[in-house]
Amino acid sequence: MNYLETLNPAQLDAVKNIDGPTMVIAGAGSGKTRVLTFRIAYLMEKGIDPFNILSLTFTNKAAKEMKERISSIIGSTEAKNLTMGTFHSVFARILRHHADKIGYPQNFTIYDTQDSRSLLKTIVKELKLDEKVYKPSMVQGRISSAKNNLISAVAYESNSDIVNEDRQSGRPRVFEIYKAYEKRCKLAGAMDFDDLLYKTNVLFRDSPETLHFYQHRFKYVLVDEYQDTNYSQYLLVKKLAAVFQNVCVVGDDAQSIYSFRGANIQNILNFKTDYPDHNVFKLEQNYRSSQTIVNAANSVIAKNKDQIQKNVWTSNDVGSKIKVLRTLTDNEEGKLIANQIFETKQNEGAENSDFAILYRTNAQSRSFEEALRKLNLPYKIYGGLSFYQRKEIKDIIGYYRLTANPQDEEAFKRIVNYPKRGIGNSTVEKLVVAANHYGVSLWEVAAEPQKYPTELNSGTRNKLNQFVTQIKSFAVDLERKDAYTLAQHIAVTSGILKDHYADKSPEGVARYENIQALLAGIKEFTTNVSDGETNFLSDFMVDVALLTDADSEKDEDKNKVSLMTIHASKGLEFPYVFVVGLEENLFPSQMALNSRTELEEERRLFYVAITRAEKNCTLSFATSRYRWGNLITSESSRFIEEINPEFLEVSTPYRSGGRSLNQTNLENKTRTPTTYAPNGPKRRLTKLQDAPKKSKDGDTADKLDLKVGYNVMHERFGKGKIVALEGTPPSKATVFFPKAGNKQLLLKFAKLEVL
DNA sequence: CTTGCAATGACTGAT
DNA sequence: TCATTGCAAG
């Protein structure tokens, strides 16, 4: 029982009230994962069979870590029987067991985003629609959100609201694409990510006995990150918990950042009406961050209208202020932050793994990679293009997929002419025409020429037959040889390995090594399979589409600087955090400026970013950056202004070009950022730090004598009138803009001109 | 059918 | 900037 002693009263309540519907509202850093872990351990200690517990997490990595922690408390033999994983992986497994009940093969393929996009592209072409109008990404988005709201293609077509929406946006035929897409996926024995949830709902609807089975199996259901569940997921949880009502959801509305994936913040609010007889526990004490960080984050999130009231606090030290760094370019931003990491490591004895650089978009990683590389600082990029999405890996997995499920259209198209065997585009076109004509898959047309005649000349026909024979020969071994033996055999026989071995360019060598790494992974899978399970290649393929890099973190990646998007950083924490690229149109994203709700989501994202930090948080922005190869100027993010300035420390380090070398060195060594305190000592930062430069900088404010009532001009908001000033000298102003309403501006950043 | 070059559009976010 | 696509020539 000693593990319980480490909990505070609120946490203990949340752990020990195991029966009935429970909602835990957990502020950032409040020990949410611990509560969830201990609650499961506690359940097991109370005699609940782990077989009866279902725990849904946001990432497989989180599931794995939780399982390990529970193992260390309760013991691994018991913990093994827990069902724990992401919605997608758990329900994918359930679907495999019952695929026949919804007309799918047990070996169904999981289409990843690329696969489904490529299929949508071909459909748009086949329907002779304009690819500019029906952009695959757009259509994909429409279909995805339909599925997440459990709207089938037929329902989509007959839903007048949706159809009208499409019509008004000039895309009246989306429903046709959806219909064709649904049909083709079915024909290919394939499900996309959204299908894994959607089809499970279908399964539970159409097979009451299956639902009944799982309702009674999962007597206790726990859901992490509940604020990021969509309707489809919400309904699955509701159905599963309908009998015993032992459902525990954990979340924080302030950290809801996945509405683009259909996540519905309302799910948290619905909980109270769905389960009138529920308990709510609020975890408000933050154990992660310094007071400064907690308070700064609170001051930001307070600007949001939609939120559940809570008071996140901490008894940790006050800590240092949040640094704000302005740089000239994105490259300089990279250099400066790499330098800071280098210095902090020396001065404070920090490890590489203590640092994280968080950005809004994946494309921003480059400047940091370069700078870190120059200083020999090892780093690891999370997310972005994952291992399994690399071309060479997708190619070889294409063979495995087609071997396991020959109907898989996307795999077929990917490998039918790779390595080159003289089956080009026009051949595939002919096959597609025939397949559509007969209503069968590409494979069937290719494999049964007598049954489905095509206009292929005998030469091509021969090549195609060879290909078919080869895949068939692989399929024979599917349940006779273990995964590794077959995988290796395919890699060699298909000629893929040879193809890459021949390429001696650095990239070619890397690709070859990646394939070897994949094979090594399959070997490990083959030998590590637990008892009662088989180790065939099809077993390995089960959820390979769902794996991400985070799932396969290697030991050598342990002590590295972390680079990732803020989305990917959810649930993580680091002593030193750099939130970079804080510029208007980048963060907040340009796409989010249209509505309040979207802007509020960006703000929650910013909140998540700040609250990852334990000791130290630095915000940075560049006044110009490269985008699509050309330099664009940018303005600091409104989010910086939204932090209560008493928590900020603004420093403008040396920038190349404006000074003599002497000053450079001096400045670099003794870069002492001046504290920015509205009421504090009247130290002027601008003159110290900003060498006179060509452009009028943010130092305008200090030269100006601002008074309430003055008419001023702002770059973004246009003309306005000062309503109020704070601090001596004034540091913050409330200005009324006819175009934008009242705005609170940090004079350090707002470029105000007196009119 | 393949190759090579020019043109083009993509940068929110991720299971 | 980078990857994908379209087109002409071999």
Side-chain angles (χ1 to χ4, degrees), chain A residues 56-63 85-92 110-114 116-118 121 125 131-132 135-138 140-141 144 147-148 191-198 225 228-230 232-233 256-263 330-331 358-367 370 382-386 388-391 417-429 457 459-460 463 543-551 564-570 581 583 585-593 598 601-602 604-605 608-609 625-632:
Chain A
L56 297 165
T57 56
F58 199 69
T59 61
N60 285 311
K61 194 183 169 200
T86 59
F87 276 87
H88 290 86
S89 66
V90 166
F91 293 119
I110 299 173
Y111 274 178
D112 65 17
T113 316
Q114 285 177 43
S116 80
R117 182 163 306 185
S118 138
K121 231 174 186 173
K125 264 188 210 146
E131 278 182 76
K132 301 265 158 51
K135 285 205 193 86
S137 55
M138 174 265 155
Q140 194 171 35
S144 174
K147 283 187 184 171
N148 287 332
M191 296 198 200
D192 62 23
F193 286 144
D194 301 314
D195 279 333
L196 297 175
L197 310 172
Y198 175 79
E225 310 283 10
D228 282 325
T229 53
N230 59 39
S232 184
Q233 292 167 319
S256 161
I257 54 175
Y258 277 96
S259 72
F260 71 91
R261 232 169 70 184
D330 47 355
N331 287 328
L358 309 181
Y359 34 78
R360 178 67 241 267
T361 67
N362 280 309
Q364 286 167 257
S365 68
R366 241 192 58 190
S367 59
E370 276 171 23
Y382 291 78
L385 195 61
S386 92
Y388 295 96
Q389 305 195 43
R390 286 169 196 225
K391 191 188 166 302
N417 197 31
Y418 178 81
K420 297 235 162 358
R421 50 172 72 83
I423 305 174
N425 264 337
S426 54
T427 307
V428 175
E429 296 278 293
N457 64 47
T460 332
K463 292 174 193 159
D543 47 20
V544 76
L546 300 173
L547 293 180
T548 60
D549 282 355
D551 301 326
M564 65 185 91
T565 63
I566 302 167
H567 282 93
S569 76
K570 191 160 85 157
E583 293 139 43
N585 297 329
L586 180 61
F587 191 21
S589 158
Q590 195 165 11
M591 332 280 281
L593 299 179
E598 281 177 297
E601 174 145 323
E602 294 284 306
R604 290 194 295 269
L605 197 55
V608 168
R625 78 169 52 238
Y626 278 95
R627 223 171 182 180
W628 302 304
N630 40 20
L631 202 62
I632 56 148

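To find a chain, count down the sequence lines: A is the first, B the second, and so on, and within it residues start at 1. Atom set for the values below is all heavy atoms of this structure, side chains included, hydrogens, waters and symmetry mates excluded.
Checking dT15(B), dT12(B), dT3(B) against the side-chain heavy atoms of R360(A) singles out dT12(B) as nearest. Checked against dT4(C), dT12(B), dT2(B), the side chain of S589(A) finds its nearest nucleotide in dT12(B). Of the listed nucleotides (dA14(B), dT3(B), dC11(B)), dC11(B) has the atom at the smallest distance from the side chain of R627(A). Taking only side-chain atoms of K121(A), from C-beta outward, the nucleotide of dT4(C), dT12(B), dT2(B) with the closest atom is dT4(C). Nearest to the side chain of K132(A), among dA14(B), dG9(B), dT1(C), sits dG9(B). If you check dG13(B), dC2(C), dT5(C) against the side chain of E601(A), the one that comes closest is dG13(B). With dT1(C), dA14(B), dG6(C) as the candidates, the nucleotide lying closest to the side chain of E131(A) is dG6(C). Distances were taken from every side-chain heavy atom of R366(A) (C-beta onward) to each of dT15(B), dA14(B), dC2(C); the shortest belongs to dC2(C). Listed nucleotides dT15(B), dT12(B), dT2(B) differ in distance to T361(A); the shortest reach to its side chain belongs to dT12(B).
For dA14(B), one of the phosphate oxygens OP1 or OP2 lies less than 4.0 angstrom from a side-chain nitrogen or oxygen of T565(A). In terms of phosphate contacts, K570(A) brings no side-chain nitrogen or oxygen within less than 4.0 Å of OP1 or OP2 of dG13(B). For dT2(B), one of the phosphate oxygens OP1 or OP2 lies less than 4.0 angstrom from a side-chain nitrogen or oxygen of N417(A). One finds a side-chain N or O of N362(A) lying less than 4.0 angstrom from the OP1 or OP2 phosphate oxygen of dG13(B).
In this structure, the side chain of D192(A) does not engage the main chain of D112(A) through any donor-acceptor pair within 3.5 Å. Panel note: side chain E225(A), backbone T59(A); no donor-acceptor pair is recorded below 3.5 Å. Distance alone, capped at 3.5 Å, is enough to place a donor-acceptor pair between the Q233(A) side chain and the N230(A) backbone.
The CG atom of L593(A) sits 12 Å away from the P atom of dT12(B) (whole-angstrom rounding). dG13(B) atom P lies 14 Å from atom CD of Q590(A), rounded to whole Å. Computed from coordinates, the Y388(A) OH to dA14(B) C1' distance equals 17 Å when rounded to whole Å. Atom CE of M564(A) and atom P of dT15(B) are 12 Å apart (whole Å). Nucleotide dC2(C) holds its P atom 16 Å from the CH2 atom of W628(A), rounded to whole Å. Distance OH (Y418(A)) to P (dT2(B)): 14 Å, rounded to an integer number of Å. Going from atom CG of N331(A) over to atom P of dT1(C) covers 11 Å, rounded to whole Å. Between R117(A) atom CZ and dA3(C) atom P the separation is 16 Å, expressed in whole Å.
Among the atoms of the strands shown, only primed sugar atoms or phosphate atoms (P, OP1, OP2) are found under 4.0 Å from some heavy atom of T427(A). Among the atoms of the strands shown, only primed sugar atoms or phosphate atoms (P, OP1, OP2) are found under 4.0 Å from some heavy atom of K135(A). At a threshold of 4.0 angstrom between heavy atoms, the contacts of Y258(A) are confined to the sugar-phosphate backbone, with no base atom among them.
Nearest-nucleotide positions on DNA chain B place A363(A) closer to the 5' end than the other of H88(A) and A363(A). Sequence order on DNA chain B of the closest nucleotides to L605(A) and G424(A) puts G424(A) first from the 5' end.
Side-chain contact check for R366(A) versus Y626(A): every heavy-atom pair is 4.5 Å or farther apart.
Atom CG of N630(A) has more than 12 neighbouring heavy atoms from other residues, nucleotides or ligands inside a 6.0 Å radius.
Ring orientation note: the planes of H88(A) and F193(A) are nearly perpendicular, at an angle over 60° on the 30°/60° scale.
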